[in-house]
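First comes the structure, then the notes that go with it.
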Amino acid sequence: MSLPGQIALSSRLRAAFTQSVSPRTSLNSQLSQAIILGGLIGFQALDALTTHLGLALEHEELNHFMAPIMASRGELVAYAVKGTALAVLLAILMLMHRRKPRVWQAYLVAGWLSAAAVVANVVQLLL
């Protein structure tokens, strides 16, 4: 014989483990994830382009992590480091996105930071 509290607990546990996701919700989620991923990669590419243009016009590197690498090893090595870091971040996302959906929020923040870097580079180019 089960008590009313046990029935409520078992139904809550069952609902937690068998979440029903409607196809519409899944499609919206996939679309937003694609936009976040595309935005991050797109802004990273724009950042590399605007950085290259700025360095060609003899502006200084604004990224304090990449400036020493560019000064000692060169621009191509810095882009290789940046590309490798982006590939590692994307690999982590692909491995963790099902277990921890909040990872997408971190990538959304990274996309906005990349957009801010592009804006800073464009402002530097215009001044």
Side-chain angles (χ1 to χ4, degrees):
M1 174 186 262
S2 41
L3 300 172
Q6 290 173 328
I7 294 171
L9 179 63
S10 67
S11 64
R12 275 190 242 138
L13 286 173
R14 190 176 321 114
F17 287 114
T18 59
Q19 295 176 352
S20 62
V21 177
S22 69
R24 180 106 176 123
T25 304
S26 177
L27 182 64
N28 287 339
S29 175
Q30 288 177 347
L31 180 63
S32 66
Q33 290 172 352
I35 290 171
I36 290 170
L37 191 61
L40 176 63
I41 293 171
F43 281 123
Q44 288 291 322
L46 284 173
D47 182 35
L49 176 68
T50 54
T51 297
H52 177 71
L53 291 174
L55 292 173
L57 295 173
E58 298 182 7
H59 291 280
E60 68 179 59
E61 170 62 39
L62 297 176
N63 186 341
H64 295 291
F65 293 112
M66 297 302 268
I69 296 171
M70 285 190 178
S72 63
R73 302 284 186 196
E75 189 176 345
L76 289 178
V77 173
Y79 293 143
V81 168
K82 184 174 188 163
T84 303
L86 183 62
V88 168
L89 287 175
L90 292 176
I92 291 170
L93 171 69
M94 295 305 157
L95 292 173
M96 292 183 62
H97 79 282
R98 294 203 190 273
R99 285 182 286 154
K100 299 194 183 276
R102 290 191 180 257
V103 169
W104 286 101
Q105 293 173 349
Y107 282 89
L108 180 62
V109 170
W112 281 109
L113 290 174
S114 298
V118 170
V119 169
N121 285 343
V122 169
V123 167
Q124 185 185 32
L125 287 172
L126 293 176
L127 294 179

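For reference, positions follow the sequence shown, starting with 1.
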* Structure fact -> All heavy atoms of Trp104 vs all of Gln33, minimum pair found to be NE1-NE2, 3.1 Å
* **Val119 reachable from Leu127 in the ILVMFWY side-chain graph, under 4.5 Å edges** => yes
* Could you state whether Val109 and Ile36 fall into the same hydrophobic cluster, counting links through intermediate Ile, Leu, Val, Met, Phe, Trp or Tyr residues with side-chain heavy atoms under 4.5 angstrom apart? => no
* Structure fact -> Between Phe43 and Gly111, the two heavy atoms sitting closest are CD1-O, 3.9 Å
* Structure fact -> Minimal heavy-atom distance between Lys82 and Gln44, with the atoms involved, is CE-OE1, 2.7 Å
* Structure fact -> On a heavy-atom basis, the closest approach of Leu57 and Leu125 is CD1-CD2, 3.8 Å
* If you take all heavy atoms of Met70 and Ala78, which pair is closest and at what distance? -> CG-CB, 3.4 Å
* Asked: Is Leu40 linked to Met96 within one hydrophobic cluster, defined over Ile, Leu, Val, Met, Phe, Trp and Tyr using a side-chain heavy-atom separation of less than 4.5 Å?
  -> yes
* Between OH on residue Tyr79 and CG on residue Asp47, distance to nearest 0.5 Å -> 8.0 Å
* Taking all non-hydrogen atoms of both residues, which atom of Glu61 and which atom of Leu55 are closest, and how far apart? -> N-CD2, 4.3 Å
* Just wondering, are more than 12 heavy atoms of other shown residues or ligands nearer than 6.0 Å to CG in Leu76? -> no
* Measure the spacing between CE of Met66 and CZ of Arg73 and express it to the nearest 0.5 Å. => 13.0 Å
* Asked: So, the side chain of Gln124 versus the backbone of Glu60: is there a donor-acceptor pair under 3.5 Å, distance only?
  -> yes
* Any link between Val88 and Tyr107 through a network of hydrophobic side chains (Ile, Leu, Val, Met, Phe, Trp, Tyr) touching at under 4.5 Å? -> yes
* Transitive ILVMFWY side-chain link Val123 to Leu53, under 4.5 Å -> no
* **Stepwise side chain to side chain contact (heavy atoms under 4.5 Å, CB included) check, Leu46 with Val122** => CA-CA 10 Å; Leu46 284 173; Val122 169; over 6 Å; no
* To do: Any chance you could lay out the side chain to side chain contact (heavy atoms under 4.5 Å, CB included) test for Leu90 and Leu37, step after step, and finish with the verdict?
  => CA-CA 9 Å; Leu90 292 176; Leu37 191 61; 3.2 Å; yes
